[in-house]
Structures are given as C-alpha cells and as structure tokens.
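In what follows, a structure is listed as structure tokens, so that the remarks can point back to it.
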Amino acid sequence: MSSLNQLISGDENAWIDALPPYQANHLHALIKKGYSPEQAASAWLTIQGPANTLPFGGDSKQPFRSLFYDMLAREVEGFICGAEKYGVDRAKLLSELKPTHAYVIAAISAAVSPVVGAAAPLIAPAVALILFTTARLGVNAWCAARKEIKNTDVPLIGQK
Amino acid sequence: MFFEAVPRAVYAVARVTAEQTSILGTAFLVGKNIVATAAHVTGGDDRGLVLLLNEIGSFGDYQSTNVDREIQYSAARIVAIDSVRDICILQLDGDIVPSYKVTSADVVVPGQIAITYGFPHTDTGRIVLTQQNVQIGAKVLIEAGGTSGKHLVLNTLARPGQSGSPVFDPETEGVVAMIIGAYVPAGGGGIIVGGVNPAAIHQTTHAVSTEYIEQMLKSL
C-alpha cells in the first residue's frame with residue numbers, strides 16, 4: 001500500500017519518460033523550446049497536426065479544441081487532492097504494491113477520461129505533465145497551490 | 001493484393017449517436033485488428049466510434065450509393081494517439097490482418113505514381129470506397145509542436161472523408177503514407193462556400209509518412 005505522496009515524488013522527468021516514446025519525444029521537444037509543463041500540456045491537447053494543413057475529415061462538433069487543459073487539470077486535481085468522486089479509483093491505485101509511473105498515469109487518465117470526454121491515450125501526456133509539476137512541488141504543496149488559484153468558481157464536473 | 005483485399009483493409013470511420021451517424025473519414029489496417037486514421041478524424045474521443053464494414057466482397061463489385069441503406073459496423077477503441085503528427089491507432093474486434101507492410105515515405109520518390117483508397121464526399125453521406133492514382137509531387141518536412149515530420153505532397157484534390165486514407169507504393173505494395181489534409185497557409189481564413197473552404201481547392205494534398213505509425217505500433 002502506497003500513499004499518493006510517495007507515488008508522486010522523485011525525478012519529475014520520469015513522468016514524461018514513462019510515456020510511449022512517440023509521445024515523450026514531443027513533450028521533451030516542447031519543453032526544450034521553453035514551454036512550461038502547463039503550456040506543453042495545453043499545446044498537446046490543442047495541436048491539430050502539422051502546420052498549414054487543413055483536415056479532410058472529422059466531426060466539427062467535437063474538435064480537439066473542445067479539450068481544455070483547465071478542465072482536465074481540475075479533474076486530475078480532484079483525483080490527487082482527494083475529491084470524493086474519485087475515491088474508488090484512488091483506493092484501487094493505492095492498493096497496488098508498487099505501481100509504475102506508467103501505471104499511475106494510465107490509472108488517472110482512465111479515471112478522468114469519461115469525465116472530460118476524451119480517450120485516455122490522448123490525455124495521458126497532459127496527465128504526465130501535471131504529475132511532473134506535482135512531483136516537483138510535492139502533493140501537498142501542489143494541492144494547496146491549486147486551491148489558491150482564484151479562478152475556481154467552476155465546480156468539478158458532476159460535483160455540486 | 002490491392003484489388004481483392006482493399007474492401008477488407010480500408011474502412012469508413014463514423015460516430016454513432018442517438019441523433020445521427022456522422023461519417024468522419026477513412027481508416028486502414030496496420031496490424032491484426034488494428035487500424036490507423038488521422039487523429040482529427042476521431043477528435044481524440046472514441047465514444048460511439050465505429051468502422052463501417054464494406055458490403056462488397058471484391059473491389060470490382062458495384063457499390064450502393066443509397067445513403068439510407070443499413071450498414072454493419074464494428075466498434076473501435078483508441079489505443080494510441082499522436083496529436084502532433086495527426087495519427088490515431090484504433091483497435092477493433094474481429095480477426096483481420098493486413099496483407100501488406102507498413103513502410104515509410106522514404107521508399108518513394110517525387111514523380112512516382114502512388115495509389116490511395118478512401119471515402120471522398122462523406123460530408124454528403126456518400127460512402128463509396130474509391131481508388132485514386134496520384135502522382136507524388138514532393139517530399140517535405142512540415143513543422144508541428146516543435147518538431148518537423150516527413151510528409152508527401154500528393155498532386156491531387158482530396159475531399160472531406162479522405163483524411164486517414166492509405167497511400168500505397170504499387171511497386172513494393174507497402175503503405176507509405178496517410179492523407180491528413182490540404183496545404184492551406186495559416187488555416188486559410190474562415191470563408192466557407194457550399195461547405196468548401198476555397199483555400200483548399202488545389203492539387204496539393206499532404207500525407208504523413210507511415211514510419212510514425214510504425215513507431216506507435218511498437219508501443220502497443
């Protein structure tokens with residue numbers, strides 16, 4: 001049995017490196033260009049493929065841009081910082097003996113995926129970057145910092 | 001290979017909701033029960049996502065154009081996605097394997113003829129598996145997310161529904177690229193005429209090298 005404090009600690013880069021190489025390499029490239037973890041996560045969620053290319057398909061009612069980093073960050077915050085609605089998922093994760101970084105990313109992505117309306121493989125890199133920041137600050141400090149964010153008038157989805 | 005196997009390798013991607021079924025693009029087999037399409041085709045959301053099963057046994061058969069016909073489908077689940085390269089890998093039920101290799105744009109050269117299969121005009125409800133023989137106009141590097149990626153310029157006018165179409169090299173019978181869209185500088189503005197962006201009406205279609213698909217398959 002682990003605690004989230006124990007799980008989300010140590011080398012923050014390990015969270016990015018736990019992703020498949022095709023995703024990790026993109027995130028490293030964005031951070032190397034000077035993006036903050038938050039900016040890199042937002043970019044990952046909103047990039048619509050190569051530059052100067054107009055797509056020939058897809059559903060205009062559900063474009064990538066409907067995925068907002070802030071919405072995802074609120075849900076991950078809920079998972080990490082103790083929201084009741086993620087209690088079962090959190091307990092399941094903590095019941096694992098020694099979950100790997102990849103397992104933690106996958107577990108959190110799977111839990112918040114239906115709430116934010118995006119497939120887990122899409123949001124996993126953004127979740128990894130949030131964990132990158134959380135590991136750097138420590139879980140308690142990160143949760144406290146999130147509380148300090150003034151723009152918190154929108155409740156977690158499904159929470160009154 | 002192409003003629004007989006195409007209906008069992010290339011599919012239309014659709015989203016089924018309580019209100020409607022939207023045809024989103026094209027997908028093609030890249031492994032056992034694994035298909036690839038453009039990430040923007042799925043929007044990163046696999047709720048209600050399905051592959052429409054082709055009704056024809058051979059590509060030489062006549063295809064129905066009745067938009068009200070019933071079509072069988074298979075549910076599809078996103079297992080890998082690269083929003084920078086605009087590639088999405090889907091898993092489906094069944095027991096189908098590709099009869100060709102996923103290679104790379106490296107093996108073709110400008111001036112060469114390539115073959116694409118896809119579903120043009122799906123925005124009108126038309127679902128017709130269509131072959132286009134296209135000339136490769138150039139090999140280009142296009143920037144996205146801080147990195148550049150290998151692409152082919154195809155000298156053809158693609159239409160909505162063709163995103164995710166495979167580009168085959170007829171010499172090696174491998175799939176070398178996947179259509180993702182048209183060259184349009186800076187998004188091409190917001191003017192739409194009759195459902196068409198005028199800035200996209202030209203013969204410069206972009207296709208991403210399938211080597212990136214191969215890299216994603218290794219992570220599954």
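Here is how names work: the chains are called A, B, and so on, in the same order as the sequence lines, proteins then strands, and each is numbered from 1.
Within the 4.5 Å cutoff, the side chain of A:P50 has no heavy atoms near those of the B:V208 side chain.
Of the possible donor and acceptor atoms, none in the side chain of B:S83 sits under 3.5 Å from a partner among the backbone N and O of A:L45.
Residues A:W44 and B:D82 share a closest heavy-atom pair of CH2-CA, 3.8 Å. The heavy-atom pair separating B:G145 from A:A29 by the smallest distance is O-CB, 4.4 Å. Pairing each heavy atom of B:I81 with each of A:Q23, the nearest pair is O-NE2, 3.1 Å.
Between the OH atom of A:Y22 and the CD atom of B:Q215 there is a distance of 11.0 Å, given to the nearest 0.5 Å. Atom CD1 of residue A:I47 and atom NE2 of residue B:H40 lie 15.0 Å apart, to the nearest 0.5 angstrom. Atom OG1 in B:T147 sits 9.0 Å away from atom NZ in A:K33 (nearest 0.5 Å).
Atom OH of A:Y35 sits in a sparse spot, with 12 or fewer heavy atoms from other residues, nucleotides or ligands closer than 6.0 Å. Surrounding NZ of B:K101 are at most 12 heavy atoms belonging to other residues, nucleotides or ligands under 6.0 Å away. The neighbour count for A:N5 CG, taken as heavy atoms of other residues, nucleotides or ligands under 6.0 Å away, is above 12.
Interface summary for chain A: among B:I142, B:I78, B:V84, B:L49, the most heavy-atom pairs under 4.5 angstrom belong to B:V84. Most heavy-atom pairs under 4.5 Å with chain A, from the set B:H151, B:H206, B:R77: that is B:H206.
Looking at B:A38, there are no atoms closer than 4.5 Å to chain A (heavy atoms on both sides), in backbone or side chain. When heavy atoms are compared at a cutoff of 4.5 Å, B:V79 approaches chain A solely by way of its backbone atoms N, CA, C and O.
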